[in-house]
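Order of the sequence lines sets the chain letters (A, B, ...), proteins ahead of strands, with each chain counted from 1.
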There are 2 protein chains.
Amino acid sequence: MFSKTCEHGIKASIYIANQSKLGFRVKVQDVAKETNSPVAFTAKILQTLVKHALIISHKGPQGGFNVDVDKLESITLLDLVFAIDGDSIYNGCGLGLHVCNESNPCPVHFKFKVVRDELKTMLLNTTLAELAQTFAEGKSILKYA
Amino acid sequence: MFSKTCEHGIKASIYIANQSKLGFRVKVQDVAKETNSPVAFTAKILQTLVKHALIISHKGPQGGFNVDVDKLESITLLDLVFAIDGDSIYNGCGLGLHVCNESNPCPVHFKFKVVRDELKTMLLNTTLAELAQTFAEGKSILKYA
DNA sequence: TATATTTAAGACAAATTTATCCGAAATAAG
DNA sequence: CTTATTTCGGATAAATTTGTCTTAAATATA
């Protein structure tokens with residue numbers, strides 16, 4: 001559904017969000033370890049999220065990554081997905097046609113529209129705050145123990 | 001959402017279905033042309049669909065591909081997608097965890113389950129017959145004119 | 001100010017997906 | 001039976017995604 005890059009990015013964001021709520025900055029090493037993702041690749045993905053102003057980075061000793069805790073409620077899954085994968089998952093044509101819309105639909109257009117709209121709504125209504133919360137409560141996992 | 005392979009495969013199936021209803025067999029060349037897909041790649045994909053008994057192939061002169069017209073109502077989008085991409089789109093974990101279920105969910109598990117279930121239902125309820133029909137009626141396109 | 005620590009950036013490499021190519025096998029038709 | 005046509009199957013190639021490595025830049029702290 002999402003790219004590997006996006007999957008890593010979402011998991012990383014959730015971990016960073018939680019540590020931020022606890023008042024910590026985290027290093028790429030930690031993020032990679034806790035999300036079971038490759039370190040260097042995680043670093044690249046975090047750069048992307050920083051550029052999109054979804055997370056904050058600090059260089060040097062005691063540096064690392066964190067999220068503005070006040071923004072946790074306003075950062076959505078849609079923001080994360082869009083920053084990394086763009087909008088093709090919820091806006092693109094199901095059959096890959098470059099032009100596909102109501103007046104010039106591919107054969108699956110209207111069938112897919114319903115699902116894609118629901119996906120988009122879900123992404124828009126899911127905040128980083130709530131994802132982080134389920135993880136904090138031990139009700140979800142970011143990797144297998 | 002789906003792989004390119006799958007997109008080509010679905011478009012090909014729709015075109016073949018329509019020609020089959022008209023009583024024709026079609027050659028890979030035709031399929032590729034009418035779906036704007038690469039010929040050799042289309043050939044490979046059709047092989048897969050033949051192996052899964054979703055379409056029928058005939059070698060030699062006057063050969064080509066067709067669909068059993070009596071099966072058009074029972075062949076679903078789910079069949080086509082499963083044959084090519086497997087079940088990961090509607091069964092896999094949204095964050096790529098190998099193990100992810102109700103009792104050991106990733107943070108997006110329950111949010112995604114709703115969407116994925118709707119996707120699966122849609123795929124299951126959409127038949128090749130109806131997709132072919134909208135195309136036959138000129139109400140949908142397989143490529144840009 | 002020197003040093004150690006940490007992210008940033010860009011080049012490079014591996015893996016996977018998307019395709020191509022070619023010879024073999026089947027078969028219809030003369 | 002020969003020939004032309006068409007799919008089959010496997011090897012190969014190109015493109016994209018996924019991932020690594022190395023050096024530079026920033027900065028906290030002594």
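Residues near A:Ile56 contribute nothing to a hydrophobic cluster around it, because no ILVMFWY side-chain heavy atom sits closer than 4.5 Å to its side chain.
B:Ala43 meets the side chain to side chain contact (heavy atoms under 4.5 Å, CB included) test with B:Val28; sequence neighbours excluded. Remark: A:Lys139 engages A:Glu137 in a salt bridge (Lys or Arg N to Asp or Glu O under 4.0 Å) (not counting sequence neighbours). Shown here are the salt bridge (Lys or Arg N to Asp or Glu O under 4.0 Å) partners of A:Lys59, two or more places apart in sequence or in another chain: there are none. Annotation: side chain to side chain contact (heavy atoms under 4.5 Å, CB included) contacts of B:Asn104 (sequence neighbours excluded): A:Ile141, B:Asn101. Scored by the ring-ring contact (aromatic ring centres under 6.0 Å, His included) test, A:Tyr15 finds no partners at all (sequence neighbours excluded). When the side chain to side chain contact (heavy atoms under 4.5 Å, CB included) test is applied to B:Lys44, the partners found at least two apart in sequence or on another chain are B:Gln47.
Pairs of residues two or more places apart, or lying in two chains, that qualify as ring-ring contact (aromatic ring centres under 6.0 Å, His included) and include a residue from residues 18-43 of chain A are A:His8-A:Phe41.
Using a 4.0 Å cutoff on non-hydrogen atoms, the parts of residues 26-42 of chain A near DNA chain D are A:Pro38, A:Ala40, A:Phe41, ordered by number. Near DNA chain D, defined here as any heavy-atom distance below 4.0 Å, there are no residues from residues 86-95 of chain A.
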Listing time: all N or O pairs from protein to nucleotides 8-11 of chain C that are below 3.5 Å?
| from | atom 1 | to | atom 2 | distance (Å) |
| --- | --- | --- | --- | --- |
| C:dA8 | OP1 | A:Ser57 | OG | 2.7 |
| C:dA9 | N7 | A:Gln47 | NE2 | 3.2 |
| C:dG10 | N7 | A:Lys44 | NZ | 2.9 |
| C:dG10 | O6 | A:Lys44 | NZ | 2.5 |

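Chain B approaches DNA chain D over the interval D:dA4 to D:dA11, counting the first and last nucleotide 5' to 3' with an atom under 4.0 Å from its heavy atoms.
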